[in-house]
Protein chains: 4
Amino acid sequence: MPASKFLSDKFCAVRAKRERRKEARPGELLDAALDLFVEKGFAATKSEEVAARAGVSKGTLFLYFPSKEELFKAVISENLAGRFDDWNARFAAFQGGTPEMLRECMNIWWDHIGSTKVSGITKLMLSEGRNFPELARFYREQFVSPAHVLLRRVLQRGIDRGEFAPVDVDQAVYTVVAPMVFLMLNKHSADVCGTADAPLDPKRFLDLQTDFILAGLAAKPAQGRAS
Amino acid sequence: MPASKFLSDKFCAVRAKRERRKEARPGELLDAALDLFVEKGFAATKSEEVAARAGVSKGTLFLYFPSKEELFKAVISENLAGRFDDWNARFAAFQGGTPEMLRECMNIWWDHIGSTKVSGITKLMLSEGRNFPELARFYREQFVSPAHVLLRRVLQRGIDRGEFAPVDVDQAVYTVVAPMVFLMLNKHSADVCGTADAPLDPKRFLDLQTDFILAGLAAKPAQGRAS
Amino acid sequence: MPASKFLSDKFCAVRAKRERRKEARPGELLDAALDLFVEKGFAATKSEEVAARAGVSKGTLFLYFPSKEELFKAVISENLAGRFDDWNARFAAFQGGTPEMLRECMNIWWDHIGSTKVSGITKLMLSEGRNFPELARFYREQFVSPAHVLLRRVLQRGIDRGEFAPVDVDQAVYTVVAPMVFLMLNKHSADVCGTADAPLDPKRFLDLQTDFILAGLAAKPAQGRAS
Amino acid sequence: MPASKFLSDKFCAVRAKRERRKEARPGELLDAALDLFVEKGFAATKSEEVAARAGVSKGTLFLYFPSKEELFKAVISENLAGRFDDWNARFAAFQGGTPEMLRECMNIWWDHIGSTKVSGITKLMLSEGRNFPELARFYREQFVSPAHVLLRRVLQRGIDRGEFAPVDVDQAVYTVVAPMVFLMLNKHSADVCGTADAPLDPKRFLDLQTDFILAGLAAKPAQGRAS
DNA sequence: TATGAATGAGCCTTCATTCAT
DNA sequence: TATGAATGAAGGCTCATTCAT
């Protein structure tokens, strides 16, 4: 093996490694940002900390993202937007009954979002959206709206097929959203919803809540029910 | 009437007025603090703003509260702690069925807390509790624990009287808490839970959700239900 | 002298001193800012330096001026704008011949601006106006326009009274402005206009230049003159 | 023609082309630097911008010039120094009257420097010379001194030939320099010398100013003249 | 008791320069 | 020779808290 070949190989290997790092940088920064934003909040996270956790210096962060706010928007895009193509397709193809479909909905959400640190993004927007209106706008546009559309479609399907009572779909969506939001908050919120001696079991809570929703959607008007 | 009595009376009146103002100060500061903390968050609220809204100067704030954090603890004490004596008594005396009792529970909470700015405190603790552990601890001790105790008592009563299915009370409590928490967040959170074209109607949501809970608690195990 | 009187006196003296300082602050800061801006340029002057030269801390500067740029606008207002009332009145009342008037004009400018550090402001705007368009706009509006109006009035008076040839007043104004600008630059510019062995004598230069202007304004078209 | 010759030729051509590119690099960088320094100032120009405008990367700039400051010195050398051989020869050979010579002087300066972007260098040194003393020194040595020498020679010639009054040559030089400096500044300075409704016409200004200078140099002491 | 001027640590962002490739 | 990713010191501005009055 000639020296030139060896050198060339070495050169390629090193360059490859360098380029791999370069391409990995934004991802590493986004991961670090998600971790820290979720842990401490957007305003309370220092950009230098994000850089440090990603293993780079302060300046490098701004090489990839022009500002802390844009970094957060990228975190949203990376982790939330763009999941909907998959989800929408999944439900368009769903064959079974709508109660099962709704339960599936909850479960997929739980696996992809609720049980992961991605759920922290929702907590963040709830917490700090008011102080960062542009971030709130972006989040609503990228995540909240598509999610509501999807859920409305599921509920309407159930009503159309006679599986659900003809409730006000717009309001019922919030009924589905509420337990999800609650779980996301609980996960990231210093346990200020519950008590240490009887901690929330998220999965059981979700099942129980889904039971309630399904019971409610299927129920005939109950006695003692609000008019 | 001796002159001294007259003087004394006058003196007392002036002193009383002065002291009333002096004693009112903390209350005015607490009101201002609640407003602003709820509006902008704890960390994002400047202590000078609080003082300004209370009509005093920056220095005066620190005369009554040694730090911003202590100010917030005082806000919690003032607005949340101490309501439980009333509430507990109310439910101890309740005569009707437990479904009605639970509905009453929701309504009282809505009137006293949920629909008022006090609900913002919960939002605050969910949002920023992690960054201020001492505040979170204080809030849990003063508010969360007593609330859970109360709700557990209600649910247990329903089970004992055969009105509710024998669910896991600890988890079911969260089922009641969740919609409350959701409403409190929604009220103070830049609309990041919903969409502008179908805004949440809090009262209807609460009724609907209560229906669901009652349907769920009353229901026999449904088909398609999680095991 | 009763103790209370003594205390009261002492109190008043101290308060007075404090208030005097408070009222003096903006002026001290403006002086410091003028010095440093003229010495190092606007961009190159750190706000902390300005504060330090005024004998206060960084934060104090921003107590009085919301930004470095506003500080500079205040420097302009303080030192340039508002002189025109005096100047305009002076020339409105002038009785003598216009050549003397123009010479007087140069001399007053020299005494009030040219020979003082205030002349550095013009140098600054010439140097950095492009990078700070809002400052340039403010300076033009507050100083350049009124100055041109005044000079045009003087030149027109000379023409009207038959003392000056009927030159294009708009262009001739620049002829008067040019030596002033040149002197201001020279004063604040590391001697990049001249040579160490034959330094510029500003007063003689100004007189000589004024002679030339007056000779030029009075002259009949000379041989070798541009068509 | 031997193969080696052919190869050698080809080699040389390729090498020549490569070297031409390589040798052109500094020139392209100097052009870019002149443009940007003149446009935005020395300190406010980012080295990356210079590289970008020259079509190379940031690193390459520092390959040819060890620092931004050295780059600027090279800009001065390239554009100002070395013109004097030509100019000096031109005036040594001049045959006509000195007034025409001085007018020629102004015109040549205007064509070669004043009306071109090179005039921006003078503006730069006036603006930022103080913050970069080494640059100011270099500029004075390379440009200001030779220019003064040349002008002094012209004026002295006029006096010697009886065409000009026996003024103080050292000071009179500044009289010639001033309008040039003024025009250079005005060209590069956000119009802070004039007003929008009566903008400066550089060529007319220069002619007018030259008329004044010549009138002044030729004039017998005028009435109202400074003693 | 009440004031508000003053402080200074802290944060986001920029940019000349370096160096591994 | 050429690249461009990475660095880190520096600068404008904020705000909880102090303290002289």
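Order of the sequence lines fixes the chain letters, A, B, ..., with proteins taken first and strands second; residue numbering starts at 1 for each chain.
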Peer 1: For the pair made of CG in B:Leu61 and P in E:dA2, what is the distance, rounded to whole Å?
Peer 2: 12 Å

Peer 1: Does atom CD of B:Glu69 have more than 12 heavy-atom neighbours from other groups under 6.0 Å away?
Peer 2: yes

Peer 1: Could you state the CD-C1' distance from B:Glu70 to F:dT17, rounded to the nearest angstrom?
Peer 2: 15 Å

Peer 1: Determine, for A:Lys73 against A:Glu134, whether the closest basic-nitrogen to carboxylate-oxygen distance falls under 4.0 angstrom.
Peer 2: yes

Peer 1: Short question: side chain of D:Glu128, backbone of D:Phe42 - any donor-acceptor pair under 3.5 Å?
Peer 2: yes

Peer 1: Rounded to the nearest Å, what distance is computed from the CG atom of residue B:Leu29 to the C1' atom of nucleotide F:dA16?
Peer 2: 16 Å

Peer 1: Which residue, A:Thr45 or D:Phe42, contacts DNA chain E at a nucleotide closer to its 5' end, judged by nearest heavy atom?
Peer 2: A:Thr45

Peer 1: Could you check how far CD of A:Glu49 sits from C1' of E:dG10, rounded to whole Å?
Peer 2: 12 Å

Peer 1: What's the closest nucleotide to the side chain of A:Ser57 if the choices are E:dT13, F:dT17, F:dG8?
Peer 2: F:dG8

Peer 1: Can you work out whether B:Lys46 or A:Thr60 has the more 5'-proximal nearest nucleotide on DNA chain F?
Peer 2: A:Thr60

Peer 1: Looking at F:dA10, F:dT1, E:dT1, which one has an atom nearest to any side-chain atom of B:Tyr64?
Peer 2: E:dT1

Peer 1: Which is true for B:Leu63 with a 4.0 Å heavy-atom rule: it touches a base, it touches only sugar-phosphate, or it touches nothing?
Peer 2: base

Peer 1: Look through every strand shown and name the nucleotide pairing with E:dC12 as Watson-Crick or G-U wobble, where both distances are under 3.5 Å.
Peer 2: F:dG11

Peer 1: Select from C:Ser67 and B:Glu69 the residue whose nearest nucleotide in DNA chain F is closer to the 5' end of that strand.
Peer 2: C:Ser67

Peer 1: Could you tell me the separation between the CD atom of A:Glu48 and the P atom of E:dC12, rounded to a whole number of Å?
Peer 2: 9 Å

Peer 1: Which whole-number value in Å describes the distance from C:Lys58 NZ to E:dG8 P?
Peer 2: 10 Å

Peer 1: For F:dT21, what is the paired nucleotide under Watson-Crick or G-U wobble rules, both distances under 3.5 Å?
Peer 2: E:dA2

Peer 1: Under 4.0 Å between a side-chain N/O of B:Lys68 and OP1 or OP2 of F:dA16, yes or no?
Peer 2: yes

Peer 1: Going by an N to O cut-off under 4.0 Å, is there a salt bridge joining C:Glu28 and C:Arg53?
Peer 2: no

Peer 1: For a quick test of reading the model: is some side-chain N or O of A:Ser47 closer than 4.0 Å to OP1 or OP2 of E:dC12?
Peer 2: yes

Peer 1: Would you mind reading off the distance between B:Phe65 atom CZ and E:dA2 atom P, rounded to a whole angstrom?
Peer 2: 12 Å

Peer 1: Please state how far atom CG in B:Leu36 lies from atom P in F:dA16, giving the value in whole angstrom units.
Peer 2: 12 Å

Peer 1: My understanding is that only one of B:Leu29, B:Leu34, B:Asp31 makes a side-chain contact (heavy atoms from CB on, under 4.5 Å) with B:Val75; could you say which?
Peer 2: B:Leu34

